[in-house]
Amino acid sequence: MKKTLGLFAAGAVALAMTACSGGATPAEPGAAGGAPNKPLDQLVVGFAQVGAESGWRTANTKDIQESFKTAGIQLKFSDAQQKQENQISAIRSYIQQGVDYIAFSPVVQTGWDAVLQEAKTANIPVILTDRAVDSKDTSLYVTFLGSDFVAEGKKAGEWVTNEYKDAKEQVSIVQLEGTTGSAPAIDRATGFADVIKANPNLKVVASQTGDFTRAGGKQVMEAMLKSQPKIDLVYAHNDDMGLGAIEAIEAAGKVPGKDIKIVTVDAVHDGMVALTEGKINFIVECSPLLGAQLIDVIKKLNAGEKVEARIVTNEGTFTQEQAKEALPNRKY
Ligand code: AHR
């Protein structure tokens, strides 16, 4: 998988992909995104992925690639290595090739209007998956399918608020943020802050980006352990950064999950294992399995049917006990 992604990363942005059929009609959000009405095996979709920064992303890529294979729809896939300029190049390449649809998960929220306008001018409908763009012109994309990241932050905040409801003194929280400017980093921080503000004892004493990577989480946590006199809880915007924090906490001679509690978001395999081992205390689920919904949207648009402007993914939460039960049946 890694090797394949690497090859695509180099190839996709270099515009080395073959040309294909013409585009569909542009669409208003929620409206039918044009109806090429082609046999599915003649449809071509370009997907511009963020990168391979986390277990979540790897699972998301695998699910999307498998879903296209199962549906018999041709997928052109590119890995932007967490760089917006690479994603923009990949989208431009898909426009040049005249794909039928473009789907992408924007690495950051802003800065997309120009390239999305180019897709619209070329009559190629764009589907946002996983992450939103911050654009006033919602006619630049047909739909946004993925999680409600604010709700995820709130769920994390609710667990923390309940866990410390009897606290008589300050609970010192450090936050490991996702990629700066990305929708999940912004929204998970907002949702969490909205909930914990009800208890003035809950205080975020430090907050810094770990870029959604395990190495980033470890590095930031190491620095925080040195700079903060007291840390009671880590709120990490994804499992990978939480797993990096566990390494830093153990290296500092403390016990993760006990001396310092940890709450994360995602519920990917390694995070769930750490939860069952008691090293993480609570995980808010964020499902990477968006492939089937993406295929469903494409099929509807191809048939000239309407799609919802916003499709929200269903997801839950896991305590340590719930993780033990759920882990054997998890798909990722
Ligand atoms: O956009 C989804 C987030 O991106 C996941 O929570 C994180 O693990 C990933 O890198």
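Every number for a ligand or one of its atoms is a count from 1 in the order of the listing.
- Side-chain atoms of D137 and S139 form a donor-acceptor pair, as typed in the model, at a separation below 3.5 Å.
- Side-chain contact between Q228 and I231: present, with at least one pair of heavy atoms (C-beta onward) separated by less than 4.5 Å.
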**Q.** Stepwise ring pair (Phe, Tyr, Trp, His ring centres under 6.0 Å) test for F192 and Y235
**A.** CA-CA 9 Å; F192 186 76; Y235 168 42; 4.0 Å; yes
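- Side chains of S105 and D130: a donor-acceptor N/O pair is present below 3.5 angstrom, by distance only.
- In this structure, ligand 1 sits under 4.0 Å from heavy atoms belonging to E53, S54, W56, R57, D130, R131, F149, P184, R188, F212, N238, D266.
- Looking at E315 and S287, their side chains never bring a donor and an acceptor atom within 3.5 Å of each other.
- A salt bridge links E285 with R330: the distance from a Lys NZ or Arg NE/NH1/NH2 to an Asp or Glu carboxylate oxygen falls below 4.0 Å.
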